[in-house]
Colleague: 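Take this structure first; my questions come after.
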Amino acid sequence: MDLPAYWLPRPPFSPDGKTLADFASLLADAVAQGPDNPIPYALAAPKWQFLCYAAEQAGYVLHGSNNPSIERFEPRRSYDSDDFGNRTAVYAASDGIWPMFYAILKRDHPLSMVNSCRDLSGEPYYYFSISQPALDLDPWQEGTVYLLSAGGFEHEPPTRGVRQRQAAKLAPARPVAKIRVSPAEFPFLSDVRGHDDAMVQARSAADPDGFPWLAPSP
């Protein structure tokens, strides 16, 4: 299956047995100690790989935020283009890279986001875009990724054979651990696109299924 170039494949991710054992040990210690203090990450493997392990092999979903001190997540209304994401819920990702984007993106200027993590051809692919004026301001900061037990979260069902790695819970949820992440640790920082808000709004209204509503070719 040939995918459009704007879909970003995950970097190679094949940790060896020792790395997996290190991930498991660090995660177990972090959950035992609780979410009051960030996980002291000192492993050689990139932090995104640890987060992917937590999301895919250890039974957690992840939520990224600028706020480093969240003790309880309350369901909030989300206005999304699909029914699953258009509810009052706690939203999280069943992926380790996608929530890093939300953690490091500074929200002190008006902006819109067009982003996704989807299973395409059996592998995760990503798309990240924000309003061009905000992107021009280099809107990145250190942020926090929270780990929550996947119990009670619904995973978004596939649509036309494609699954977005989004999960939702209609009740409050408490994190079991958290980890700080920096812009330099986000593997797609240089791949974030800028878009024209008016163009995206017009194209999404005309074709709700046409994600990611790129600018027409000249």
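The chain is numbered in sequence order, starting from 1.
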Colleague: Could Glu154 and Lys169 be called an ion pair, given the rule that one side-chain N must be under 4.0 Å from one carboxylate O?
Modeller: no
Colleague: Does a side-chain N-to-carboxylate-O contact under 4.0 Å join Glu56 and Arg165?
Modeller: yes
Colleague: Under 4.5 Å between side-chain heavy atoms, counting indirect links through other Ile/Leu/Val/Met/Phe/Trp/Tyr residues: same cluster for Phe13 and Tyr41 or not?
Modeller: yes
Colleague: What do you reckon, are the aromatic ring centroids of Phe73 and His63 less than 6.0 Å apart?
Modeller: yes
Colleague: About how many Å separate CG of Leu51 and CH2 of Trp98, when rounded to the nearest 0.5 Å?
Modeller: 15.0 Å
Colleague: Could you give the distance from CZ (Phe23) to SG (Cys52), rounded to the nearest 0.5 Å?
Modeller: 9.0 Å
Colleague: Should Arg193 and Tyr6 count as side-chain neighbours, where that means a heavy-atom distance under 4.5 Å?
Modeller: yes
Colleague: Without hydrogens or angle criteria, can the side chains of Tyr102 and Asn115 be said to hold a donor-acceptor pair below 3.5 Å?
Modeller: yes
Colleague: Would you check if there is a donor-acceptor pair between the side chains of Thr144 and Ser65 at a distance under 3.5 Å?
Modeller: no
Colleague: Just by distance, no angles: are the side chains of Gln201 and Asp197 close enough, under 3.5 Å, to form a donor-acceptor pair?
Modeller: no
Colleague: Using atom types as modelled and distance alone, determine if a side-chain donor or acceptor of Tyr125 lies under 3.5 Å from a backbone N or O of Asp119.
Modeller: no
Colleague: Membership question, hydrophobic clusters at under 4.5 Å side-chain separation (ILVMFWY): are Met113 and Tyr91 in the same one?
Modeller: no
Colleague: Rounded to the nearest 0.5 Å, what separation is found between the NZ atom of Lys106 and the CG atom of Asp138?
Modeller: 7.5 Å
Colleague: Looking at Tyr126 versus Phe188, is the centre-to-centre ring distance below 6.0 Å?
Modeller: yes
Colleague: Measure the CD1-CG distance between Ile39 and Asp29 for me, rounded to the nearest 0.5 Å.
Modeller: 10.0 Å
Colleague: Please examine the side chains of Pro183 and Met100, heavy atoms only from C-beta on, and report whether any two atoms are closer than 4.5 Å.
Modeller: no
Colleague: Are Pro139 and His109 close enough that some pair of their side-chain heavy atoms sits under 4.5 Å apart?
Modeller: no
Colleague: Set out, in order, the CA-CA distance, both residues' side-chain angles and the distance that settles side chain to side chain donor-acceptor pair (under 3.5 Å) for Asp136 and Gln132, then state yes or no.
Modeller: CA-CA 6 Å; Asp136 293 340; Gln132 184 65 56; 2.7 Å; yes
Colleague: Taking all atoms of both residues into account, what is the closest heavy-atom pair of Ala171 and Pro75, and its distance?
Modeller: C-CG, 3.7 Å
Colleague: In terms of hydrophobic clusters joined by side-chain contacts under 4.5 Å, are Phe186 and Leu111 together?
Modeller: yes
Colleague: Has Lys47 got a side-chain atom pairing as donor or acceptor with Arg180's backbone, closer than 3.5 angstrom?
Modeller: yes
Colleague: Using only heavy-atom distances, determine whether the side chains of Asp22 and Ser25 contain a donor-acceptor pair under 3.5 Å.
Modeller: no
Colleague: Return the minimal non-hydrogen interatomic distance between Gln49 and Pro12, and the atom names on each side.
Modeller: NE2-O, 3.8 Å
Colleague: Please find the pair of heavy atoms, one from Leu147 and one from Ala54, that lie closest to each other, and give the distance.
Modeller: CD2-CB, 4.0 Å
Colleague: Thinking salt bridges, do Arg76 and Glu74 make one under a 4.0 Å N-O criterion?
Modeller: no
Colleague: Answer yes if Val61 and Val181 sit in the same cluster of Ile, Leu, Val, Met, Phe, Trp and Tyr residues linked by side chain heavy atoms under 4.5 Å apart, and no otherwise.
Modeller: no
Colleague: Is it true that Tyr53 and Val31 fall in one hydrophobic cluster, defined by side-chain heavy atoms closer than 4.5 Å?
Modeller: yes
Colleague: Taking C-beta and beyond as the side chain, do Ile179 and Phe50 meet within less than 4.5 Å on heavy atoms?
Modeller: yes
Colleague: For Glu142 and Ile104: C-alpha separation, side-chain torsions, deciding distance, then whether side chain to side chain contact (heavy atoms under 4.5 Å, CB included) applies.
Modeller: CA-CA 5 Å; Glu142 190 175 76; Ile104 66 169; over 6 Å; no
Colleague: Nearest heavy-atom pair of Arg87 and Leu170: which atoms, and what distance?
Modeller: NH1-CD2, 4.1 Å
Colleague: Contact between Ile130 and Ser112 at the side-chain level, heavy atoms closer than 4.5 Å - yes or no?
Modeller: no
Colleague: So do Trp140 and Leu135 actually touch side chain to side chain, heavy atoms under 4.5 Å?
Modeller: yes
Colleague: Kindly give the heavy-atom pair with the smallest separation between Trp213 and Asp207, and that separation in Å.
Modeller: NE1-O, 2.8 Å
Colleague: Quick test of your reading of the model: are Asp95 and Arg10 salt-bridged, counting only N-O distances below 4.0 Å?
Modeller: yes
Colleague: Evaluate the criterion side chain to side chain contact (heavy atoms under 4.5 Å, CB included) for residue pair Val114 and His195; output intermediate values, then yes/no.
Modeller: CA-CA 9 Å; Val114 180; His195 60 249; 3.7 Å; yes
Colleague: Using 0.5 Å steps for rounding, measure from the OG atom of Ser182 to the CD atom of Gln141.
Modeller: 11.5 Å
Colleague: Between Phe128 and Leu8, does a side chain to side chain contact (heavy atoms under 4.5 Å, CB included) hold up when you go through it step by step?
Modeller: CA-CA 9 Å; Phe128 303 102; Leu8 304 168; 4.2 Å; yes
Colleague: Are the side chains of Glu123 and Arg118 in contact, using a 4.5 Å heavy-atom criterion?
Modeller: no
Colleague: Begin from the C-alpha positions of Tyr127 and Phe211 and carry the test ring pair (Phe, Tyr, Trp, His ring centres under 6.0 Å) through to its verdict.
Modeller: CA-CA 10 Å; Tyr127 181 87; Phe211 181 96; 5.7 Å; yes
Colleague: We want to know whether Ser116 and Gln164 form a side-chain donor-acceptor pair, criterion being a heavy-atom distance below 3.5 angstrom.
Modeller: yes
Colleague: Could you please spell out the steps behind the side chain to side chain contact (heavy atoms under 4.5 Å, CB included) verdict for Leu43 and Thr19?
Modeller: CA-CA 8 Å; Leu43 302 180; Thr19 301; over 6 Å; no
Colleague: Below 4.5 Å, heavy atoms only, C-beta onward: do Lys178 and Val145 meet side chain to side chain?
Modeller: no
Colleague: What's the shortest heavy-atom distance between Trp48 and Ile97, and which atoms?
Modeller: CE3-CD1, 3.7 Å
Colleague: Donor-acceptor check, side chain of Ser149 to backbone of Gly151, threshold 3.5 angstrom: yes or no?
Modeller: yes
Colleague: Output the distance between atom CG (Asp209) and atom OG (Ser204), rounded to the nearest 0.5 Å.
Modeller: 11.0 Å
